Amino acid sequence: GQGVDEPLSATGFRQADAAGLFLSNVKFTHVFSSDLLRAKQTAAAILGKNRFCKDLEIKYDARLRERKYGVAEGRPLADLKAMAKDAGEQCPSFTPSGGETLDEVRERARDFFEFLCQLAVELEQKEHGKPGASGRSSGTSGEQFVFPWTNHCSEAEPSSEGGGSSVVLDANILVVSHGAYMRNWIAYFVSDLNCTLPANLTKSQLSSVSPNTGVSHFIIKLGNGNLLKPEITCVCLNQDSHL
């Protein structure tokens, strides 16, 4: 939850370092993290292993915090399940006293995602405003956008025609958050925005919580800067081969 702001354990630091090595050849243009300590430390560890953007500023945002669990925060998961059973409800839809409903968590995710889309549109507009600019910066090396999970996932990975190297993106954004929050964000993508999923993804995989430092990759296209109808493709979900 939110109320117990503990640091990563020794295992957590090892997992964060493994994720950093896994993503070390990906050049991020922006990094956002939950403002809870465990997410901050994870984001810092990932950037610390990166070949291209060790010095990129990490922006902390309270909208990326874990779901608030009220009276259940800091207690074992078994306690939460017992509370849900006593209330005649199922986890994870059960909301403990003082906690956030799933709809409230999804609203936070929606608000943050719309903020990211607006950021991308403004970047594109800024590029078009430069003298002689063609919109996308054409001199960027393809290797800086190489994604390490291509062999594990769907065929949606962006690639340039023929060459096999990745295309230059307007924005390549790393977001570090929490399991229950991200499950709700992904549900918003699927149910509200008709996100395209990998063909081999099962329903149980879609509804499961990501393992610690699991990597999910989404390609977002905003046709003509249309913020209302983003085209979203899930390349991989909760990828954990680095662990």
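Every heavy atom of this structure was used, including side-chain atoms; hydrogens, water molecules and symmetry mates were not. What you see is a predicted model, and the numbers here were worked out from it, not measured in a lab.
Side chains of Gln118 and Glu122: a donor on one and an acceptor on the other come within 3.5 Å. Side-chain contact of Thr202 with Gln205: a donor-acceptor pair under 3.5 Å is present, judged by distance alone. At a cut-off of 3.5 Å, with distance as the only test, no side-chain donor of Thr213 or Arg14 sits close to an acceptor on the other residue.
Cluster membership check: Ile220 shares its hydrophobic cluster with Met182, using side-chain heavy-atom separations under 4.5 Å among Ile, Leu, Val, Met, Phe, Trp and Tyr. With hydrophobic clusters built from ILVMFWY side chains whose heavy atoms lie under 4.5 angstrom apart, Val4 does not share a cluster with Leu77. Both Tyr188 and Leu197 belong to a single network of hydrophobic side chains, linked directly or stepwise wherever heavy atoms of I, L, V, M, F, W or Y lie under 4.5 Å apart. Phe13 and Leu23 end up in different hydrophobic clusters when Ile, Leu, Val, Met, Phe, Trp and Tyr side chains are linked at under 4.5 Å.
The environment of Asp86 atom CG is dense: over 12 non-hydrogen atoms of other residues, nucleotides or ligands sit within 6.0 angstrom. Few gaps surround NZ on Lys40; more than 12 heavy atoms of other groups in view lie less than 6.0 Å from it.
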Candidate pair Phe32 and Phe115, rule side-chain contact (heavy atoms from CB on, under 4.5 Å), full reasoning: CA-CA 12 Å; Phe32 292 93; Phe115 156 75; 3.7 Å; yes

One pair to check against side-chain contact (heavy atoms from CB on, under 4.5 Å): Arg75 and Leu80. What are the steps and the verdict? CA-CA 8 Å; Arg75 296 168 64 173; Leu80 178 64; over 6 Å; no

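A side-chain donor-acceptor contact under 3.5 Å links Arg183 to the backbone of Ser207. Asp17 places no side-chain N or O within donor-acceptor distance of the main-chain N or O of Ala45, the cut-off being under 3.5 Å. Side-chain atoms of Asp240 never come within 3.5 Å of backbone atoms of Gly214 as a donor-acceptor pair (strictly under, hydrogens ignored). No donor-acceptor pair under 3.5 Å is formed between the side chain of Asn25 and the backbone N or O of Arg51. Listed for the Lys54 side chain is a donor-acceptor partner under 3.5 Å among the backbone atoms of Asn50. Without hydrogens or angle criteria, Arg67 side chain to Glu100 main chain gives a donor-acceptor distance under 3.5 Å. Remark: the backbone N or O of Leu8 is paired with a side-chain donor or acceptor of Gln41 at under 3.5 angstrom. Side chain of Asn172 to backbone of Lys27: a donor-acceptor contact under 3.5 angstrom is found.
Residues Ser33 and Leu64 form no side-chain contact, since every pair of their non-hydrogen atoms from C-beta on lies 4.5 Å or further apart. Between Gln15 and Leu243 the shortest side-chain heavy-atom distance falls below 4.5 Å. Under the 4.5 Å side-chain criterion, counting only non-hydrogen atoms from C-beta, Cys234 is in contact with Pro198. No side-chain heavy atom of Asp170 sits under 4.5 Å from any side-chain heavy atom of Leu123. The shortest side-chain heavy-atom distance between Cys117 and Leu222 falls under the 4.5 Å cut-off. Here the side chains of Ser34 and Glu66 are not in contact, with every heavy-atom distance at 4.5 Å or above.
Across every non-hydrogen atom of Val176 and Ala43, the tightest pair is CG2-CB, 3.8 Å. When all heavy atoms of Ile186 and Ser216 are compared, the pair lying nearest together is CD1-OG, 4.5 Å. The shortest non-hydrogen separation linking Cys195 to Thr233 is SG-C, 4.3 Å. When every heavy atom of Cys236 is checked against every heavy atom of Gln239, the shortest pair comes out as SG-CB, 4.0 Å. Of all heavy-atom pairs between Leu56 and His30, the closest is CD2-N, 3.9 Å.
Here the CZ-CG distance, from Arg110 to Asp103, works out to 11.5 Å after rounding to the nearest 0.5 Å. In this structure, CG on Leu116 lies 4.5 Å from CD1 on Ile173, to the nearest 0.5 angstrom. Note: Tyr60 OH to Leu37 CG = 9.5 Å, rounded to the nearest 0.5 Å. For the atom pair Phe189 CZ and Ile232 CD1, the distance stands at 4.5 Å (nearest 0.5 Å). To the nearest 0.5 Å, atoms CZ (Arg63) and OH (Tyr181) are separated by 8.0 Å. Between the CG atom in Leu237 and the CG atom in Leu201 there is a gap of 5.5 Å [rounded to 0.5 Å].
Taking the six-membered ring for Trp and thresholds of 30 and 60 degrees, Phe22 and His242 have nearly parallel ring planes, at less than 30 degrees apart.
Looking at residues two or more places apart in sequence or on another chain, you find a side-chain contact (heavy atoms from CB on, under 4.5 Å) between Glu73 and Gln2, Lys68, Tyr69. Applying the side-chain contact (heavy atoms from CB on, under 4.5 Å) test to Leu21 and every residue at least two apart in sequence or in another chain returns Lys49.
Under the 4.5 angstrom side-chain criterion for Ile, Leu, Val, Met, Phe, Trp and Tyr, Val209 has no cluster partners at all.
For the side-chain contact (heavy atoms from CB on, under 4.5 Å) test with Val175, the passing option among Phe113, Phe112, Phe218 is Phe112; the others fail.
Glu104 has no carboxylate O lying under 4.0 Å from a charged side-chain N of Arg108, or vice versa, which leaves the two without a salt bridge. Ion pairing of Arg106 with Asp192 is present here, as a side-chain N (NZ or NE/NH1/NH2) and a carboxylate O approach within less than 4.0 Å.
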